[in-house]
Undergrad: 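Here it is, the structure in full.
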Amino acid sequence: MTIKDITKSPLIPKKINVKGWVKTFRANRFISLNDGSTSKNIQCVVDFEETDSLLLSKINCGASLEIEGLLVKSQGKGQSVEIKVKNIKILGECDPNSYPIQPKKHSLEFLRENAHLRIRTNTFSSIMRIRSSISFAIHKYFKEKGFFYVNTPIITGSDAEGAGEMFKVTTLDINQAKLNNNNKIDYSEDFFGKETNLTVSGQLEAESMAMGLGKVYTFGPTFRAENSNTSRHLAEFWMVEPEMAFCDINDNMELAEEFIKSVIKDVVNECKDDLDFLNQRLLDEEKTKPMTERSELNLLDKLDFVINNDFKKITYSEAFDILRNSKPNKKKKFKFPIQEWGVDLQSEHERFLVEKHFKKPVIIYDYPAKIKAFYMRMNEDGKTVKAMDILFPGIGEIVGGSQREERLDVLKARIKELNVDEKELWWYLDLRKYGTVKHSGFGLGLERLILFVTGMTNIRDVIPFPRTPNNAEF
Ligand code: 4AD
Ligand code: MG
């Protein structure tokens with residue numbers, strides 16, 4: 001039986017057997033045991049006639065145990081049931097002098113260096129259970145909406161975002177690679193007979209699938225060699241990418257909003273204990289801040305707020321005007337001042353709009369073509385594209401999407417204009433030659449959504465083993 005099952009159905013007294021790891025051991029009598037099934041520990045009370053001191057000396061924080069005993073109503077406070085221990089087997093000892101995860105508060109930095117053991121802490125086990133629950137809620141949403149789950153390649157020859165932030169995939173010995181006439185590495189000798197890289201997005205292939213299946217989504221690992229060492233960027237992250245035939249940008253924005261709300265709602269219902277724990281963790285953290293820096297809403301209120309309120313929809317031009325006339329812009333408080341229409345919005349601008357101005361999630365659409373990818377549908381004004389970004393408080397961009405350019409001639413012109421390698425995209429252009437239709441989709445960064453739901457502030461803490469510049473340990 002798992003501790004979750006035990007604490008859910010307390011038919012007592014009852015003989016049971018549990019296995020788990022020791023959280024704490026007090027007064028040579030009270031073992032707090034956790035098996036990962038829930039954030040709750042079970043208290044096991046050692047009440048031997050003759051106490052075996054060698055055995056007791058091995059019950060240290062982190063040791064793994066098998067306990068047989070009787071589940072009874074608890075005598076003490078803090079739990080409704082406990083186990084009266086009949087027998088203890090030490091499965092794996094744990095040296096208390098070298099075990100890094102002591103029963104005390106550790107810094108998140110320290111735990112990152114011990115990412116292989118941090119899952120034994122309450123904070124990380126709660127985050128990872130929530131991560132699992134979010135992933136299932138995502139699949140559930142799309143299944144109920146009639147989408148098909150498709151798997152797009154991880155190794156690819158194209159650069160879907162045209163940003164050149166790719167990790168190369170090769171079996172060539174780069175120290176001895178043959179050069180071609182242009183003094184460049186000759187990839188015709190490589191495994192695939194051409195240059196390949198890890199995918200930055202499954203979108204282009206998802207578009208191909210949508211042109212036969214109608215509504216599809218991908219959900220997989222994504223790789224970007226952006227050298228941005230921020231608390232919002234990973235070199236390896238998970239992205240959900242739905243793609244819908246016959247849908248325009250408005251349908252796309254509506255679906256994205258409904259999707260996010262539905263996933264958060266499911267998780268709030270399913271992960272009550274874990275969210276309560278993380279909520280308390282944040283409240284404790286808030287207490288150490290000055291009054292003026294404390295947030296008005298707690299974590300659970302924030303989640304409820306997002307579920308129950310409409311996102312604010314504005315065009316890039318409207319956002320630009322608000323920002324240009326804003327106090328921080330006039331007082332030169334922005335690191336990147338807002339002067340000319342067409343500039344890319346930086347995270348300081350996004351956060352101003354979401355956290356200060358609208359105080360709710362914001363969808364910005366109709367962005368300047370200049371700052372967006374080649375595949376986005378050009379608007380009639382010839383200046384903006386049917387792109388949309390969803391911005392979240394504390395996170396910034398959580399979703400990026402667009403209606404796709406379905407007209408062959410316009411798409412070709414854009415590819416040329418943005419200096420994208422057309423050769424690799426011959427099959428993508430075919431989709432516009434053979435039965436092209438209006439279609440749209442978006443990408444949601446899984447880890448950014450987990451940041452929001454858990455209230456964590458560093459993306460390295462919501463994926464088991466983060467990959468970031470200068471860090472690929474574990
Ligand atoms: O805005 P992006 O670059 O959009 C695309 O890749 C499109 N092809 C999606 C589509 O239309 N199918 O990325 C989408 C989302 C971002 O909004 C962000 O949440 C997340 O992916 N993301 C990252 N998350 C963590 N680390 C990074 N380095 C990320 N880059 C993007
Ligand atoms: Mg984006």
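We count ligands from 1, going down the list as the structure has it; atoms in each ligand are counted the same way.
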Undergrad: With no hydrogens and no angle check, just 3.5 Å: does a side-chain donor-acceptor pair link Ser231 and Asn458?
TA: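 Short answer, no.
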
Undergrad: For Arg404 and ligand 1, answer yes if some heavy atom of the residue is under 4.0 Å from a ligand atom, otherwise no.
TA: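 A heavy atom of Arg404 does come that close to ligand 1.
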
Undergrad: Quick check on ring-ring contact (aromatic ring centres under 6.0 Å, His included): which of Phe148, Phe259, Phe142 does Tyr217 satisfy it with?
TA: Phe142

Undergrad: Give the atom numbers and elements of ligand 1 that come within less than 4.0 Å of a heavy atom of Val399.
TA: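 Result: 17 (O).
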
Undergrad: Looking only at heavy atoms, is any part of Phe223 under 4.0 Å from ligand 1, and if so is it the side chain, the backbone, or both, or is it neither?
TA: neither

Undergrad: Considering only residues two or more places apart or on different chains, which pairs with a residue in residues 276-317 satisfy ring pair (Phe, Tyr, Trp, His ring centres under 6.0 Å)?
TA: Phe311-Phe392, Tyr316-Trp341, Tyr316-Tyr367

Undergrad: Give the ring-plane orientation class for His106 versus Phe110, where under 30° counts as parallel, over 60° as perpendicular and anything between as tilted.
TA: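 Parallel: the ring planes of His106 and Phe110 meet at under 30°.
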
Undergrad: Scan side-chain atoms only and decide if Thr384 and Asn379 contain a donor-acceptor pair under the 3.5 Å cut-off.
TA: yes

Undergrad: Given Ser402, which of Arg377, Lys372, Lys386, Met376 fulfils the side chain to side chain contact (heavy atoms under 4.5 Å, CB included) condition?
TA: Met376

Undergrad: Can you classify the ring geometry of Phe334 versus Phe352 as parallel (below 30°), tilted (30 to 60°) or perpendicular (above 60°)?
TA: perpendicular

Undergrad: Which residues and atoms, protein N, O or S only, are under 2.8 Å from the Mg ion (ligand 2)?
TA: Glu397 OE2

Undergrad: Considering Glu226, Glu243, Glu241, which one's heavy-atom position lies nearest to atom 9 (C) of ligand 1?
TA: Glu241

Undergrad: Could you list which atoms of ligand 1 come closer than 4.0 Å to a heavy atom of Gly400?
TA: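 Near Gly400, meaning under 4.0 Å from one of its heavy atoms, ligand 1 has 1 (O), 9 (C), 10 (C), 11 (O), 17 (O).
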
Undergrad: What about Leu234: any of its N or O atoms under 3.5 Å from an N or O on ligand 1?
TA: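 Min N/O separation from ligand 1 is below 3.5 Å for Leu234.
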
Undergrad: Would you check whether Glu161 has a nitrogen or oxygen atom less than 3.5 angstrom from a nitrogen or oxygen atom of ligand 1?
TA: yes

Undergrad: Indicate whether any N or O donor in one side chain lies under 3.5 Å from an N or O acceptor in the other, for Ser201 and Glu241.
TA: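 There is such a pair between these side chains.
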
Undergrad: Counting non-hydrogen protein atoms only, what is the nearest one to atom 18 (C) of ligand 1? Give residue, atom name and distance.
TA: Arg448 NH1, 3.5 Å

Undergrad: Compute the minimum heavy-atom distance from Arg232 to ligand 1 and say whether it is under 4.0 Å.
TA: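 A heavy atom of Arg232 does come that close to ligand 1.
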
Undergrad: List for me each residue that meets side-chain hydrogen bond (donor to acceptor under 3.5 Å, both in side chains) alongside Asn252, sequence neighbours excluded, and say none if there are none.
TA: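 For Asn252, no residue satisfies side-chain hydrogen bond (donor to acceptor under 3.5 Å, both in side chains) once neighbours in sequence are set aside.
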
Undergrad: Using distance alone, determine whether Ile398 and ligand 1 share an N or O pair under 3.5 Å.
TA: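 Yes; at least one N/O pair falls below 3.5 Å.
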
Undergrad: Would you check if the side chain of Asp366 reaches a backbone N or O of Thr315 as a donor-acceptor pair within less than 3.5 Å?
TA: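 Not confirmed, Asp366 side chain does not pair with Thr315 backbone.
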
Undergrad: Indicate yes or no for a side-chain donor-acceptor contact from Ser208 to the backbone of Leu204 under 3.5 Å, with no hydrogens or angles considered.
TA: no

Undergrad: Quick one: nearest non-hydrogen protein atom to atom 21 (O) of ligand 1, plus distance?
TA: Met239 SD, 3.5 Å

Undergrad: With side-chain hydrogen bond (donor to acceptor under 3.5 Å, both in side chains) as the rule and sequence neighbours excluded, what pairs involving residues 422-434 come up?
TA: Lys194-Glu424, Glu207-Tyr428, Glu207-Arg432, Tyr428-Arg432, Asp430-Lys433

Undergrad: Which protein heavy atom lies closest to atom 3 (O) of ligand 1, and at what distance to 0.1 Å?
TA: Arg224 NH1, 2.8 Å

Undergrad: Between ligand 1 and Glu397, is the shortest N or O to N or O distance under 3.5 Å?
TA: yes

Undergrad: Suppose we measure from atom 15 (C) of ligand 1 to each protein heavy atom; which comes out shortest, and what is that distance?
TA: Gly443 O, 3.6 Å

Undergrad: Taking both backbone and side-chain atoms of Gly445, is any N or O found less than 3.5 Å from an N or O belonging to ligand 1?
TA: yes

Undergrad: Give a yes or no on this: more than 12 heavy atoms of other residues, nucleotides or ligands lie within 6.0 Å of atom CG of Asn470.
TA: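 Count not over threshold, so no.
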
Undergrad: Identify the protein heavy atom lying closest to atom 24 (N) of ligand 1, giving its residue, its atom name and the separation to 0.1 Å.
TA: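 Answer, as residue, atom name and distance: Phe237 CD1, 3.5 Å.
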
Undergrad: Can a non-hydrogen atom of Tyr217 be found less than 4.0 Å from any atom of ligand 1?
TA: no

Undergrad: Will you find, in the side chains of Ser440 and Asp251, an N or O donor that is under 3.5 Å from an N or O acceptor?
TA: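 Short answer, no.
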
Undergrad: Is the distance between the ring centroids of His139 and Phe219 under 6.0 Å?
TA: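 Yes; His139 has its ring centre under 6.0 Å from that of Phe219.
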
Undergrad: Number the atoms of ligand 1 from 1 as they appear, then name those within less than 4.0 Å of a heavy atom of Tyr375, with their elements.
TA: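 Near Tyr375, the atoms of ligand 1 are 7 (C), 8 (N).
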
Undergrad: At a non-hydrogen distance cut-off of under 4.0 Å, which region of Asp389 contacts ligand 1 (side chain, backbone, both, or neither)?
TA: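 Answer for Asp389: neither.
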
